[in-house]
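Along the sequence shown, residues carry numbers from 1.
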Amino acid sequence: MSKPKVASDWLAGCAGCHMSLLDMDERIVKVAELVDLRATPITDLKEPDASGVDVGILEGGVNNTTNEEVAHKMRKRCKYLVALGDCAVFGGVPAMRNFFTVEESLRRAYVETESTDENGRIPDDPELAVQTRVRALHEVVPVDLNVPGCPPDADVIFHVLSELAQGRKPVLTGKLLHWH
Ligand code: SF4
C-alpha cells in the first residue's frame, strides 16, 4: 500500500500549531515513516504536486486575499482537509480584530503602537490587504475535520495523523479532547 501524500500550510496565526508537531517527540518519527510529506512551510518542501495529495493540513484563520487563495488551492489539491488549531477552527486569536473596523485595527497595529513603522504609516504591502473580518477555514472552503486547541494537544495531533496515515478517518472523542 502506498503511503498517503500529505501537505501542510499556514494562514493567519502564529505558526504555533506547526511548531506543536514537535511536541509529539519521538512519535513524529513514527508518523513520518507512515506518510509521504509533499509540502510544508517548515521544510524546503513548499509546493504540493499539482496532481494533488491525500491529506491537507491548514493552520490559521483567513485574514486576507492571499490566505483565501491558499485555502482554495489546498482544498482543490487535497482529498481530505484538516483545520488545525483554534485559529483555523473558529478564527481564534486573529479574529479578535473582528470587534474593530479594518482601519481601526491597522491604525492600532502600525500607527498607535510603539512597534510601528518608523514613519508612522500603514504599510501598503499587498499581502496586508486584509478582509473585513477574519474567517474560520470552514467559512471559506469545506473542511473534513476540525482539530481544536491553541495549539492542539500533541496526543490529539498524533491520533489524527496516525489515523489518517493508516487510511482511517479520525474520531475526536471528548476523552481525547481534554482541556488543561
Ligand atoms: Fe497559534 Fe494558537 Fe492560532 Fe495555533 S491556534 S496558530 S498556536 S494562536
Tell me which donor-acceptor pairs under 3.5 Å the side chains of residues 23-30 have, and how far apart each pair is, sequence neighbours excluded?
unit_1	atom_1	unit_2	atom_2	d
Arg27	NE	Met24	O	3.4
Arg27	NH1	Asp155	OD1	3.0
Arg27	NH2	Asp155	OD1	3.1

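- Between the side chain of His159 and the main chain of Val171, a donor-acceptor pair closer than 3.5 Å is present.
- Of all the heavy atoms in Val53 and Ala7, the pair that sits closest is CG2-CB, 4.0 Å.
- In this structure, Ala71 and Val140 approach most closely via the heavy-atom pair CB-CG1, 4.3 Å.
- Both Trp10 and Leu37 are part of a single hydrophobic cluster, where members link through side-chain heavy atoms under 4.5 Å apart.
- Between Asp153 atom CG and Leu177 atom CG the span is 9.0 Å, to the nearest 0.5 Å.
- Looking at residues two or more places apart in sequence or on another chain, you find a salt bridge (Lys or Arg N to Asp or Glu O under 4.0 Å) between Glu68 and Arg135.
- The closest donor-acceptor contact from the side chain of Lys3 to the backbone of Ala165 lies at 3.5 Å or more, if one exists at all.
- At most 12 non-hydrogen atoms from other residues, nucleotides or ligands lie less than 6.0 angstrom from CE of Met96.
- Contact check for His138 versus Pro142: no side-chain heavy atoms found under the 4.5 Å cut-off.
- Side-chain atoms of Glu163 never come within 3.5 Å of backbone atoms of Val160 as a donor-acceptor pair (strictly under, hydrogens ignored).
- Looking at Lys79 and Asp54, a side-chain N of the basic residue comes within less than 4.0 Å of a carboxylate O on the acidic one, giving a salt bridge.
- For Arg108, the side-chain contact (heavy atoms from CB on, under 4.5 Å) test picks out Phe100, Glu112, with sequence neighbours left out.
- The CG atom of Asp36 sits 8.5 Å away from the OG atom of Ser2 when rounded to the nearest 0.5 Å.
- To the nearest 0.5 angstrom, Asp9 atom CG is 6.0 Å from Leu58 atom CG.
- When the salt bridge (Lys or Arg N to Asp or Glu O under 4.0 Å) test is applied to Glu139, the partners found at least two apart in sequence or on another chain are Arg133.
- With contacts defined as side-chain heavy-atom distances shorter than 4.5 Å, the pair Ile157/Val31 does not qualify.
- Within the 3.5 Å criterion, the main-chain N or O of Val134 finds a donor-acceptor partner in the side chain of Asn98.
- Using a 4.5 Å heavy-atom cutoff, the side chains of Val62 and Gln131 are in contact.
- Note that CE of Met19 and SG of Cys14 are 9.0 Å apart. Values are rounded to the nearest 0.5 Å.
- Applying the side chain to side chain donor-acceptor pair (under 3.5 Å) test to Asp144 and every residue at least two apart in sequence or in another chain returns Arg75.
- When side chains are defined from C-beta on, Val141 does not count as touching Met74, because their heavy atoms never get closer than 4.5 Å.
- The minimum heavy-atom distance between Val156 and Leu176, with the atom names listed, is CG2-O, 3.6 Å.
- Residue Lys73 holds its NZ atom at 11.0 Å from SG of Cys78, rounded to the nearest 0.5 Å.
- Of the residues listed (Val89, Leu21, Val147, Asp86), the one engaging Pro152 in a side-chain contact (heavy atoms from CB on, under 4.5 Å) is Val147, and it is the only one.
- Closest heavy-atom contact between Pro170 and Leu145: CG-CD2, 3.8 Å.
- Closest heavy-atom contact between Ala12 and Pro94: O-CG, 3.5 Å.
- Taken from SG in Cys150 to CZ in Phe90, the straight-line distance is 7.5 Å, to the nearest 0.5 Å.
- Nearest heavy-atom pair, His18 versus Ser8, reported as atom, atom and distance to 0.1 Å: NE2-OG, 2.8 Å.
- Residues that satisfy the side chain to side chain donor-acceptor pair (under 3.5 Å) test with Lys76, not counting sequence neighbours, are absent from this structure.
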